[in-house]
Amino acid sequence: MIINGRIWALIIKELLALFRDPRSRLVLIGPPVIQLFLFSYSATLEVKNISVAIYNQDAGMYSTEIIQRITASPTFTQLILVQNEQALRQQIAEKRALVALQFPINFSQKLLAGEASDIQVLLDGRNSNSAQIIHSYLAQIILQYNQELALQQGKEAVPLVILNRNWFNENLDHLWYTVPALVGILAGLVALMVTALSVARERELGTFDQILVSPLTPSEILLGKTIPAVLVGLAEGVIIFIIVVTIFQVPFVGSFWLLLGAIFVFILAMVGVGLFISAISKTQQQAILGTFLFLVPAISLSGYASPVENMPDWLQWVVEINPFKHFLIIVNGLFLKDMSAMQVWLNLFPMLIIATVALAVASWLFSRRLWGTD
């Protein structure tokens, strides 16, 4: 459909309604930028500033050496020394320590005699992911010391040495993963909110009836509601992209035009969902509730917090209809590993299908609600 003068008038009216209202301007500009900085440093899978409780019954040279190595690590920032086993367990139970170590009374004596000795490690299983990461940190420290001790005692060290090399993110900087993903999450959130609230807001203000008596057809009204949301979402995506590259210094090695095209298709899918929510909502409160009802599972199942591959097989098939999942693959690929146009297309094509279906269903529902045939 050619954009005629009537549609342009509606587009301008929608944009003016968004940007003339100080509260709307604040919602469109302030929260996304604030959320970008907050989520960048809070939504991290790293485990830092670990507090460790230690009950050392041995007090020999070997246990002292291990404790000193643990406290010298920048990961373990707080050392809590206790005098009995009950106090050790209490530190874990009351969450004052994430991990606790207990050295037996004959720990150094056994090692000095060339015998094996044990260290009891207690981890807080209420956070299983953190417990696994902390266990890995401790295992590396103790394994390294064990190899040095074996060489000092004239024994053969463990012959297997693992040399790690991280591709695409050499220093495993969590910002390089979390921040680019926010380009899509925040831009999609803005486009979704703008679209979902547009019709509901006009129904509450009583201005929607004026559109109904205008010469605009249902398709023209739908297009006039869609284009402003797409423009706003694209603008938000570009602004967030600039902040990510300049302020957060996240490298971008891919094609900007491929990223812009992916943002456009992703915003179309979000607008389709937003129009669907707007079509079934009579008030802004219903639209807001519908938006969060969609956003929470969509972001949770996008692969942002946990890999999609860890989900059950049936859920991985369900996630294929989630536009967030496909867009996060594209944005992380373009930022860190220069994803090719073919690889981008393989993830862009499902988003095109999602956008087409969402817009078609939303258009049908919108027309029914527009003429009161539902």
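Sequence positions, counted from 1, serve as the residue numbers for this chain. What you see is a predicted model, and the numbers here were worked out from it, not measured in a lab.
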Give the minimum heavy-atom separation between Ile240 and Leu186, together with the two atoms involved.
CD1-CB, 3.5 Å
Gln91 side chain vs Leu88 backbone, donor-acceptor pair below 3.5 Å
no
Evaluate whether atom CD of Glu320 has more than 12 neighbouring non-hydrogen atoms of other residues, nucleotides or ligands under 6.0 angstrom away.
yes
Would you check if the side chain of Thr64 reaches a backbone N or O of Gly60 as a donor-acceptor pair within less than 3.5 Å?
yes
Got Leu348 and Met351 here, is their nearest side-chain heavy-atom distance under 4.5 Å?
yes
Stepwise, does the side-chain contact (heavy atoms from CB on, under 4.5 Å) test hold for Leu81 with Asn56?
CA-CA 8 Å; Leu81 297 176; Asn56 188 5; 5.9 Å; no
Taking Phe324's backbone N and O only, do any of them form a donor-acceptor pair with Ser302's side chain (distance below 3.5 Å, no angle check)?
no
Please check if atom CD1 in Ile105 has more than 12 non-hydrogen atoms from other residues, nucleotides or ligands closer than 6.0 Å.
no
Are Ile354 and Leu352 close enough that some pair of their side-chain heavy atoms sits under 4.5 Å apart?
no
Which residues share a ring-ring contact (aromatic ring centres under 6.0 Å, His included) with Phe241, sequence neighbours left out:
Phe252, Phe256, Phe335
Would you check if Leu234 and Leu260 make a side-chain contact, meaning some heavy-atom pair closer than 4.5 Å?
yes
Would Ile247 and Trp176 show up in the same hydrophobic cluster when neighbours are defined by side-chain heavy atoms closer than 4.5 Å?
yes
Do Val82 and Leu98 belong together in a cluster built from hydrophobic side chains that touch within less than 4.5 Å?
no
Can you tell if the side chain of Ile67 reaches within under 4.5 Å of the side chain of Ile54, non-hydrogen atoms only?
yes
Between Ile239 and Phe248, is there shared hydrophobic-cluster membership here, with clusters defined by ILVMFWY side-chain heavy atoms closer than 4.5 Å?
yes
If you take all heavy atoms of Met270 and Pro323, which pair is closest and at what distance?
CE-CG, 3.3 Å
d(Ile330 CD1, Leu258 CG) to nearest 0.5 Å is 9.0 Å
Of all residues at least two apart in sequence or in a different chain, which pass the salt bridge (charged side-chain N to carboxylate O under 4.0 Å, His left out) check with Asp124?
Arg126
Would you call Thr77 and Ile50 a side-chain contact if the rule is heavy atoms closer than 4.5 Å?
no
Verify, without hydrogens or angle tests, whether His326 (side chain) and Pro350 (backbone) share a donor-acceptor contact under 3.5 angstrom.
no
Side chain of Asn84, backbone of Ala87: donor and acceptor closer than 3.5 Å?
yes
Spacing of Ser255 atom OG and Leu334 atom CG [to the nearest 0.5 Å]:
7.0 Å
Same cluster or not: are Trp257 and Leu336 linked, directly or through other Ile, Leu, Val, Met, Phe, Trp or Tyr residues, by side-chain heavy atoms under 4.5 angstrom apart?
yes
OG1 of Thr356 to CG of Leu268, rounded to nearest 0.5 Å, is 8.5 Å
Output all residues satisfying salt bridge (charged side-chain N to carboxylate O under 4.0 Å, His left out) with Arg69, sequence neighbours left out; order by chain, then residue number.
Glu65, Glu148
Search all heavy atoms of Ala229 against all heavy atoms of Thr195 and return the closest pair with its distance.
CB-OG1, 3.1 Å
Could you tell me whether the side chain of Asn146 and the main chain of Ile142 form a donor-acceptor pair under 3.5 Å?
no
Flag, side chain of Gln120 to backbone of Gln102, donor-acceptor distance under 3.5 Å
no
For Ser108 and Met61, the nearest pair of non-hydrogen atoms, with its separation, is OG-N, 3.6 Å
Rounded distance (nearest 0.5 Å) linking atom CG of Leu259 with atom CE of Met339:
11.0 Å
Give the minimum heavy-atom separation between Ala191 and Gly233, together with the two atoms involved.
CB-CA, 4.3 Å
Answer yes or no: is there a side-chain heavy-atom contact under 4.5 Å between Val331 and Phe327?
yes
Could you please spell out the steps behind the side-chain contact (heavy atoms from CB on, under 4.5 Å) verdict for Ile119 and Ile66?
CA-CA 10 Å; Ile119 303 174; Ile66 293 176; 3.9 Å; yes
Is any side-chain heavy atom of Val52 less than 4.5 Å from a side-chain heavy atom of Gln78?
no
Apply the test side-chain contact (heavy atoms from CB on, under 4.5 Å) to residues Leu182 and Val244: give CA-CA distance (whole Å), side-chain angles for both, the deciding distance (0.1 Å), then the verdict.
CA-CA 9 Å; Leu182 295 176; Val244 168; over 6 Å; no
Any sub-3.5 Å donor-acceptor pair from Ser51's side-chain atoms to Arg96's backbone N or O?
yes
Just how far is it from atom NZ of Lys110 to atom CG of Asp118, taken to the nearest 0.5 Å?
7.0 Å
Val99 side chain near Leu122 side chain, heavy-atom distance below 4.5 Å
no
Roughly how far, to the nearest 0.5 Å, is CZ of Phe292 from CD1 of Ile277?
10.5 Å
Shortest non-hydrogen pair, Val308 vs Gly303, comes out as CG2-CA, 3.8 Å
Applying side-chain contact (heavy atoms from CB on, under 4.5 Å), run through Leu301 and Lys325 and close with a yes or a no.
CA-CA 7 Å; Leu301 300 176; Lys325 180 253 187 183; over 6 Å; no
Kindly work out whether a path of hydrophobic side-chain contacts (I/L/V/M/F/W/Y, heavy atoms less than 4.5 Å apart) joins Val318 to Phe276.
no
Look at the rings of Phe107 and Phe103 and say which category their plane angle falls in: under 30° parallel, 30 to 60° tilted, over 60° perpendicular.
perpendicular
For Glu94, look at atom CD and say whether over 12 heavy atoms of other residues, nucleotides or ligands are found less than 6.0 Å away.
yes
Check: Ile329 main-chain N/O paired with Asn347 side-chain donor or acceptor under 3.5 Å:
no
